[in-house]
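In this chain, numbering begins with 1 at the start of the sequence shown. We count ligands from 1, going down the list as the structure has it; atoms in each ligand are counted the same way. Only this structure's heavy atoms are used, side chains among them; waters, hydrogens and symmetry mates stay out.
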Amino acid sequence: MRLSAYFLPTLKETPAEAQIVSHRLMLRAGMVRQSSAGIYSWLPLGFRVLKNIERIVREEQDAAGCQEILMPTIQPADLWRESGRYDDYGPEMLRITDRHERDMLYGPTNEEQITDIFRHSVKSYRELPKLLYHIQWKFRDEVRPRFGVMRGREFLMKDSYSFDVDKPSAMRAYNKMFIAYLRTFKRMGLKVIPMRAESGPIGGDTSHEFLILADTGESEVACHRDFIDADLVASDIDYEGDLQHLVDGFTDKYAATDDERDPSKEKELGDALVIARGIEVGHIFYFGTKYSKSMGAVVAGPDGEDTALEMGSYGIGVSRLVGAVIEASHDDAGIIWPESVAPFKVGLLNLKTDDNGCVAACDGIYAKLRSAGVEVLYDDRPERAGVKFADMDLIGLPWQLVVGPRGLKSGTVEVKERKTGERPEMPLETALAQLTA
Ligand code: 5CA
């Protein structure tokens, strides 16, 4: 993509309404624009990152044996009356009446909807287990939407739902999601800590939150230092094998959110205790028959008797993750994207657009990188070098390939790695080989 043609409305000034660094940088880098409180439009650069995060989430869900579906955003209120949550949910639920005076709502989550689909479609325990997910916009009329996409009112969530005939089988689904979550966040370059948590309005008795540590996190958390220092996620997982020992390896280590902390355990840990602030990027729940009993979702069990389905639900904040990755990875100059989610891999900077040699060289490099399948943002604007460097640092692409007339005379370019700031000069062919490897 040529920057001269790209829609990238960057801001020089720091917007006054943005209190945290990710919100400031997302506005300054032209990634999003607010539509109304807690509701955002995604502009080209931000949308590319959102899609990359969504892709990683999808690939890891698929690898764990979860099947993708798509449920609507607007749901009938009657389903929520069956589960009893229509009244319980309170003012966070956006309630709508259609032209026939039917009560509808913009879904804050989909337990009722999926239970309804399942109860009409599956009749026997032989059709179980099943794990289904979708990636869809949600609406929660938060009292205090803030921090940009981190606590929005409209936000993109991946929510999965498991259906099993008994509790041991349901826990296998829970464990699959537990491990899939660790892998998902690791691929985004995040250090994530699973913590025992309360279930809140989703219900149930077993639940873990997945938090990343950042100063701007909304809750105080405490955990064993190993979560931060050690790489605990195995690269090869057999999802059909026994995952319990892997999950135990994490849950045995101390990690707790504010309301679950245990002073005596923390004392024992001594120097190994870390107290920090966390951002919740995922939350998983086992809630047994809470929805299946109230909504009549039963299958014929092995003995022929009606058995209420054992269920769990598993959420990831896809749009929140865009902000969370920035909170975890930035410096004074701007964003530092991990390659896996970066909107483009390479920024190509032509430092002198009125020099025919530079233009020809850059056009050639651009064509070569693109034909090798590398995503490039080509700064071909007639701007000063200082402006180009500042913009590239702000939008945080992992690599900058800098082409100027002086280097070209000897056939060299500069390759800057955004993360380290190192900017070695090298022959053009070496640079191309490195960036296309
Ligand atoms: N039904 C369950 C699991 S599918 C559920 O709704 N869980 S949740 O309430 O914990 O939400 C799942 C994830 O969505 C959270 O971990 C968080 O990352 C994200 N999320 C929740 N509320 C917001 C919000 N207001 N803005 C952005 N992301 C949010």
Side-chain angles (χ1 to χ4, degrees), residues 20 22-23 26 32 34 37-40 42 50 53-54 57 61 66 69 71 73 75 80 83 85 88-94 106-115 131-163 173-174 177-178 180-181 184-185 188 190 192-204 206-212 214 216-219 221 257 278-287 290-291 311-327:
I20 62 169
S22 59
H23 190 192
M26 286 180 74
V32 291
Q34 182 174 302
I39 304 180
Y40 289 85
W42 292 79
L50 186 70
I53 288 179
E54 191 181 315
V57 169
Q61 289 294 299
C66 207
I69 61 171
M71 293 180 273
T73 52
Q75 305 177 25
W80 288 67
S83 72
R85 283 208 295 181
D88 292 353
Y89 224 93
E92 268 200 15
M93 180 183 276
L94 180 63
Y106 194 127
T109 173
N110 287 65
E111 280 81 2
E112 284 78 358
Q113 181 95 68
I114 190 101
T115 305
L131 254 170
L132 303 172
Y133 75 100
H134 76 160
I135 300 175
Q136 177 62 290
W137 294 90
K138 306 289 188 284
F139 195 92
R140 293 182 186 172
D141 207 348
E142 302 271 355
V143 196
R144 281 215 298 159
R146 57 185 185 152
F147 300 160
V149 299
M150 300 272 263
R151 181 160 297 282
R153 292 198 295 165
E154 190 184 46
F155 59 97
L156 189 60
M157 193 202 285
K158 184 287 298 175
D159 36 328
S160 316
Y161 301 89
S162 63
F163 299 89
Y174 190 90
M177 287 298 109
F178 192 108
Y181 276 32
T184 303
F185 300 127
M188 297 170 192
L190 296 172
V192 73
I193 306 170
M195 305 207 173
R196 184 181 295 286
E198 287 200 22
S199 299
I202 308 293
T206 305
S207 166
H208 283 90
E209 282 176 22
F210 291 76
L211 291 109
I212 64 155
T216 44
E218 287 195 283
S219 48
V221 296
T257 51
I279 300 171
E280 180 196 315
V281 288
H283 202 155
I284 61 177
F285 305 83
Y286 160 71
F287 45 71
K290 175 177 154 98
Y291 297 92
M311 291 174 57
S313 73
Y314 315 89
I316 288 182
V318 175
S319 49
R320 172 177 290 186
L321 272 164
V322 180
V325 170
I326 297 175
E327 288 294 327

*Asks:* If I apply the N/O under 3.5 Å rule, does Ser160 come out as touching ligand 1?
*Replies:*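 N/O-N/O distance under 3.5 Å: no.
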
*Asks:* If the condition is ring pair (Phe, Tyr, Trp, His ring centres under 6.0 Å), which residues does Phe210 pass it with, not counting sequence neighbours?
*Replies:*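 So Phe210 forms a ring pair (Phe, Tyr, Trp, His ring centres under 6.0 Å) with Phe178, Tyr181.
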
*Asks:* Check ligand 1 against Asp159 and write out every atom of the ligand that is under 4.0 Å from a heavy-atom position of the residue.
*Replies:*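 Once the distances to Asp159 are compared, the set is 4 (S).
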
*Asks:* What pairs with Tyr106 under ring pair (Phe, Tyr, Trp, His ring centres under 6.0 Å), at least two apart in sequence or on another chain?
*Replies:*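 With neighbours one apart ignored, the set is Phe139.
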
*Asks:* If I apply the N/O under 3.5 Å rule, does Tyr314 come out as touching ligand 1?
*Replies:*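 Between Tyr314 and ligand 1 (N or O atoms, distance only) the closest approach is not under 3.5 Å.
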
*Asks:* I'd like to check which ligand 1 atoms, numbered from 1 as shown, lie under 4.0 Å from a non-hydrogen atom of Gly282.
*Replies:*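 By the 4.0 Å cutoff, the relevant atoms are 16 (O).
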
*Asks:* Does Asn110 come within less than 4.0 Å of ligand 1, judged by its heavy atoms?
*Replies:*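 So Asn110 does not count as touching ligand 1.
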
*Asks:* Out of all atoms in ligand 1, which are within 4.0 Å of some heavy atom of Val149? Include the element for each.
*Replies:*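 What qualifies from ligand 1 is 27 (C).
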
*Asks:* Any idea which atoms of ligand 1 are less than 4.0 Å away from a heavy-atom of Val281?
*Replies:*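 Here the atoms of ligand 1 in question are 16 (O), 18 (O).
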
*Asks:* Can you tell me if Met150 contacts ligand 1 (heavy atom of the residue under 4.0 Å from the ligand)?
*Replies:*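 Contact present.
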
*Asks:* For ligand 1, which atoms, with element, lie under 4.0 Å from some heavy atom of Met157?
*Replies:*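 It comes down to these atoms of ligand 1: 6 (O), 11 (O), 12 (C), 14 (O).
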
*Asks:* Quick one: does Ser319 get an N or O within less than 3.5 Å of an N or O on ligand 1?
*Replies:*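 No, Ser319 has no N/O under 3.5 Å of an N/O on ligand 1.
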
*Asks:* Could you work out, for atom 24 (C) of ligand 1, the closest of Phe139, Tyr133, Phe155 by heavy-atom distance?
*Replies:*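 Answer by nearest heavy atom: Phe155.
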
*Asks:* Between Glu111 and ligand 1, does any nitrogen or oxygen pair lie at a separation below 3.5 Å?
*Replies:*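 Yes, there is a polar N/O contact under 3.5 Å.
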
